[in-house]
> 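What follows is a structure written as structure tokens; I'll ask about it next.
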Amino acid sequence: MNPDAAPADAYAMAGAPPRAPLPGSFYEALFAHALDGVLVGSPDGRVLRANARACELLGRSEDELVRIGRNGIADPSDPQWAAAVATRARTGAFRGLLRMQRGDGSTFPAEVTSAAYLEDGSPRAYVSFRDLSAEEAEAVRTVENRRAAAEVVDSLEAISDMYVGVDADWTITYINGQAERRLGVTRQQVLGGDLWQTFPALIGSPFEEAHRRAVDTRCPATVEAHYAPADLWCEVRAYPLRRGGLGIYFRDVARRRAGEQERERLFAAERAARAEAEQAQYDLVHQATHDELTGLLNRTGLLQQADRLLAARPGGRLTVMFIDLDRFKLVNDSFGHGTGDRLLAVFAHRLGDLADPAHLVARFGGDEFVVAMVDVSAAEAGALAEQVIAASREAVEVGPQLLVTASIGLATALDGEDLDSLLRDADAALYRAKDAGREQIAWFDRDMHEQSVRRVETERDLRDALLRHELLVDYQPAYDLCSGRVTHVEALVRWRHPVRGLLPPQDFIPVAEECGLIHRVGEWVLARAIEQAACWADVPGLRVWVNVSPQQLAVAGLAELLAGRLARAGLPAERLGIEVTESTLADATRLIQTLQEVRAMGVAVAIDDFGTGYSSLARLTACPVDVIKIDRSFVADLGTPRGGAVLSGIVTLAHAIGAHVIAEGVEAPEQLSALRALGVDSASGFLLARPAPPAQVPLALTPVGAGG
């Protein structure tokens with residue numbers, strides 16, 4: 001039951017893979033009608049069959065479960081899954097508590113029983129599970145420890161939902177303050193009273209039907225309806241309690257309903273007006289010039305309408321706003337393209353509301369939008385851009401509640417520039433806004449144009465460089481500040497460009513990440529570094545470090561790739577380490593799982609450029625870290641009291657989590673002395689050794705100032 005095992009590609013590619021038959025109608029009946037969820041699969045993580053109860057508990061169809069396998073069922077944050085796999089592999093069976101993941105991303109505690117068996121000579125495994133959510137809630141409410149009971153009461157009083165509890169005889173046992181205030185009752189009035197007599201308007205309503213269904217089926221029930229005595233549109237969730245009765249949570253959804261109804265009214269009015277006005281030919285033109293999802297202009301429609309607009313206003317000056325939603329890909333990857341489409345539609349609606357009727361608003365493609373304006377001042381365009389960013393910060397309810405911000409590039413026509421040129425310029429400004437940290441606004445200037453051209457040229461040349469073998473790897477050692485020995489060597493990729501000369505990684509790695517070449521470049525560097533590490537196998541304790549980008553971490557199979565490379569080179573895993581930037585951990589919890597897999601196989605993990613990525617202490621302590629590399633900016637600041645205090649704090653933090661500390665960018669003897677006094681373990685920099693080809697790396701030399 002390893003949550004990281006991916007389903008077999010053959011099953012995913014087949015669309016609807018064949019389901020393995022269960023032996024005998026008796027077993028088929030047990031499988032189909034079991035009260036618990038049952039999965040039949042193979043020990044390597046594939047799911048072959050899922051009964052109806054499993055589909056219900058996991059919120060997925062059987063075909064979905066077959067497709068995603070165990071990888072999409074296990075809660076990736078539950079470390080007990082790995083132990084469960086080991087137990088079943090060792091003893092043939094496992095029984096215990098694990099956390100499982102539903103289709104909507106939520107998790108729940110489950111009592112899991114699993115065993116391996118043979119069917120027609122093929123290894124098989126079954127997993128039987130049941131949801132313990134209700135049992136856990138009831139256990140908390142019924143615990144006799146007074147302090148725990150008081151904490152439960154405090155929680156019920158602190159939540160924003162209204163809450164009423166009833167026992168098996170429909171006697172009211174609890175009502176929180178939120179419910180008292182909204183329903184206009186007091187606790188003394190209702191406690192001990194019959195639910196139906198206390199609130200007679202519930203009788204015959206959808207609320208009664210849902211409550212009784214929850215009691216009869218012992219399954220949670222949800223209903224949304226209007227409660228007239230309190231003039232309350234509410235969403236009610238009724239949960240059966242372990243000893244009978246219900247826990248009833250409800251909240252006011254009137255505002256949401258009003259917004260939904262207003263949006264529906266506006267959409268319906270727009271559709272009706274268009275249906276009355278449009279002829280068949282207009283429908284065809286509309287489809288060719290508008291985006292089907294959002295109803296905004298598409299690229300073709302934008303170009304056509306811009307030509308018409310400028311023709312009607314000779315001499316008009318065009319300004320273009322290029323908008324891109326930040327981290328939108330994460331929404332699609334996490335919640336699916338359906339949720340992403342609904343989010344795009346909501347944002348498009350907001351954008352249309354903000355724009356002037358005279359403006360042209362278009363969905364340019366993917367999560368990119370364009371607003372074209374004629375004869376507006378820079379202040380007016382900037383004000384609209386600020387409003388768009390503010391609107392993007394408002395949460396959107398599309399199933400899950402999401403918040404996706406926006407970055408904006410602006411450009412104004414000069415010397416008769418056409419729309420295509422302006423779009424190119426605004427796109428270049430958008431890149432600068434994203435480079436500045438996202439959720440920013442940037443105006444185009446000529447420097448941006450040159451940078452944009454350079455990006456395109458760099459991408460083109462880099463593709464050729466991979467074919468012409470123009471990349472090379474230099475190595476820079478770090479020296480132990482006590483012994484002077486070299487135990488850490490960092491692999492640094494270089495590009496011997498035929499025109500621009502030798503290029504450092506900062507001149508082409510960002511472009512490689514943008515255009516998708518980072519995987520090819522990263523695998524090439526990794527292979528060269530492992531080969532070189534094998535050549536240095538006679539140097540005691542030497543570890544070679546390789547930088548790994550977030551994109552490489554995000555692709556499944558990094559641990560398997562490393563294992564294969566190490567095996568081919570005959571290199572022990574402890575002689576290799578990977579470096580990730582601190583910013584990688586700031587908003588990518590799922591990448592930590594990959595780092596844990598890599599570290600589990602013996603490869604060390606380092607956090608590079610520490611102090612510049614703003615990661616939280618909680619996230620840092622959750623990450624498997626062997627080495628923390630202090631950014632050179634902190635070393636350069638050592639001459640100031642603040643710089644020394646900050647670096648001392650970083651060293652203390654690193655040692656507290658058991659990490660080795662390497663300071664980068666050492667260029668002066670006094671910096672080396674200060675680092676040694678602060679307790680830094682190792683150091684690298686031009687003072688000690690510059691990056692060099694393998695044969696020129698001074699592995700056996702004592703650096704300046706090292707020793708005693």
> Taking the side chain as everything from C-beta on, heavy atoms only, tell me whether D608 gets closer than 4.5 Å to I628.
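Heavy-atom side-chain distance check fails, nothing below 4.5 Å.
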
> Please tabulate, for side-chain N and O atoms in residues 465-472, each donor-acceptor pair with protein atoms closer than 3.5 Å (sequence neighbours left out).
from : atom 1 : to   : atom 2 : distance (Å)
R468 : NE     : E470 : OE2    : 2.7
R468 : NH2    : E470 : OE2    : 3.0
E470 : OE1    : W495 : NE1    : 2.9

> In Å, rounded to the nearest 0.5 Å, how long is the span from CD1 of I441 to CG of L430?
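Going from CD1 on I441 over to CG on L430, the span is 11.5 Å.
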
> Just how far is it from atom CZ of R690 to atom CG of L492, taken to the nearest 0.5 Å?
13.0 Å

> Within the structure provided, determine whether V661 and S682 are in side-chain contact (heavy-atom separation under 4.5 Å).
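V661 vs S682: side chains apart.
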
> Using modelled atom types only, decide if a donor and an acceptor are shared between the side chain of D480 and the backbone of S483 within a distance under 3.5 Å.
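Yes; judged by distance alone, with no hydrogens or angles, the pair exists.
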
> Under a 4.5 Å cut-off applied to non-hydrogen side-chain atoms, are V320 and L410 in contact?
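No, side chains not in contact.
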
> Under a 4.0 Å N-O cut-off, is there an ion pair linking E664 with R632?
no

> If we only count heavy atoms from C-beta on, is the V646 to D637 side-chain gap below 4.5 Å?
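V646 does not reach D637 side chain to side chain.
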
> Rounded to the nearest 0.5 Å, what separation is found between the CG atom of L687 and the OH atom of Y479?
10.0 Å

> Between side-chain atoms of residues 527-542 and protein atoms elsewhere (two or more places apart, or another chain), which donor-acceptor pairs fall under 3.5 Å?
from : atom 1 : to   : atom 2 : distance (Å)
R528 : NE     : E531 : OE1    : 3.2
R528 : NH2    : E531 : OE2    : 3.1

> List the steps, then state whether side chain to side chain contact (heavy atoms under 4.5 Å, CB included) holds for L423 with F364.
CA-CA 10 Å; L423 289 170; F364 206 64; 3.7 Å; yes

> Looking only at the side chains, is there a donor atom on one of R99 and T107 sitting less than 3.5 Å from an acceptor on the other?
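T107 and R99 do have a side-chain donor-acceptor pair below 3.5 Å.
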
> Calculate, to the nearest 0.5 Å, the distance between atoms CZ and CZ belonging to R438 and R327 respectively.
4.5 Å

> Roughly how far, to the nearest 0.5 Å, is CG of L638 from OG1 of T640?
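Those atoms lie 7.5 Å apart.
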
> So which heavy atom on P505 is nearest to which on P510, and how close?
O-CD, 3.8 Å

> Apply side chain to side chain contact (heavy atoms under 4.5 Å, CB included) to residues S673 and E670 and explain how you reach the verdict.
CA-CA 5 Å; S673 299; E670 55 268 24; 5.5 Å; no

> Taking only residues at least two apart or on different chains, which pairs with a member in residues 661-696 satisfy ring pair (Phe, Tyr, Trp, His ring centres under 6.0 Å)?
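Applying ring pair (Phe, Tyr, Trp, His ring centres under 6.0 Å) to every pair that reaches into residues 661-696, excluding sequence neighbours, yields nothing.
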
> Begin with the C-alpha distance, continue with both residues' side-chain angles, and end with the deciding distance and a verdict on side chain to side chain contact (heavy atoms under 4.5 Å, CB included) for L699 and V489.
CA-CA 9 Å; L699 297 177; V489 177; 3.8 Å; yes

> Could you check E490 against N547 for side chain to side chain donor-acceptor pair (under 3.5 Å), going step by step and ending with a plain yes or no?
CA-CA 8 Å; E490 181 178 2; N547 291 282; 3.1 Å; yes

> So how far is it from I73 CD1 to I68 CD1, rounded to the nearest 0.5 Å?
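Going from the CD1 atom of I73 to the CD1 atom of I68 covers 5.5 Å.
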
> Please lay out, stage by stage, how L325 and L344 fare under the test side chain to side chain contact (heavy atoms under 4.5 Å, CB included).
CA-CA 9 Å; L325 299 185; L344 288 173; 3.8 Å; yes

> Find out whether E579 and K629 are in side-chain contact, i.e. whether some heavy atom of one side chain is under 4.5 Å from a heavy atom of the other.
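Yes - at least one pair of side-chain heavy atoms lies under 4.5 Å apart.
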
> Minimum heavy-atom separation for Y475 to P694, with atom names?
CE1-CG, 3.5 Å

> Mind checking whether L675 and L647 have side chains closer than 4.5 Å, heavy atoms only?
yes

> Holding to salt bridge (Lys or Arg N to Asp or Glu O under 4.0 Å), I want the full list of residues that pass it with E439, two or more places apart in sequence or in another chain.
R393

> Any side-chain heavy atom of R494 sitting closer than 4.5 Å to one from P691?
yes

> Identify the heavy atoms of S648 and L678 that sit nearest to each other, and give their distance.
CB-CD2, 3.8 Å

> Could you tell me which non-hydrogen atom of V603 sits nearest to which non-hydrogen atom of G577, and how far apart they are?
CG1-CA, 4.0 Å

> Looking only at heavy atoms, which two atoms of V680 and L481 are closest? And how far apart?
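Minimum heavy-atom separation between V680 and L481: O-CD1, 3.4 Å.
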
> Under 4.5 Å between any side-chain heavy atoms of V370 and I323, yes or no?
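No - every pair of side-chain heavy atoms lies 4.5 Å or more apart.
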
> Is a side-chain N or O of D626 found less than 3.5 angstrom from the main chain of V605, in a donor-acceptor match?
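Present.
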
> Return yes if some donor-acceptor pair links the side-chain N/O of Q696 with the main-chain N/O of A692 below 3.5 Å, else return no.
no

> Quick check on the 6.0 Å ring-centre criterion: do F322 and F369 meet it?
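No.
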
> So, does E459 use its side chain to make a donor-acceptor pair with the main chain of V456 at under 3.5 Å?
no

> Is it true that the side chains of T405 and D326 contain a donor and an acceptor less than 3.5 Å apart?
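Side-chain D/A pair, T405 to D326: present.
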
> In terms of heavy-atom contacts, does CZ of R460 have more than 12 from other residues, nucleotides or ligands at under 6.0 Å?
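Yes.
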
> Does any pair with a residue in residues 647-680 pass ring pair (Phe, Tyr, Trp, His ring centres under 6.0 Å), and if so which ones, sequence neighbours excluded?
H488-H660

> Classify the side-chain pair R500/T458 by whether it contains a donor and acceptor separated by less than 3.5 Å.
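Checked: R500/T458 side chains pair up, N/O donor to acceptor below 3.5 Å.
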
> Keeping to residues at least two apart or across chains, list the side chain to side chain donor-acceptor pair (under 3.5 Å) pairs with something in residues 504-527.
R455-E514

> Under a 4.0 Å N-O cut-off, is there an ion pair linking R543 with E574?
no

> Locate the shortest heavy-atom distance separating G340 from V331; write the atom from each residue and the value.
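Nearest heavy atoms, G340 then V331: CA-CG1, 4.1 Å.
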
> Kindly check if the number of other-residue, nucleotide or ligand heavy atoms within 6.0 Å of CZ (F328) is above 12?
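Enclosed.
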
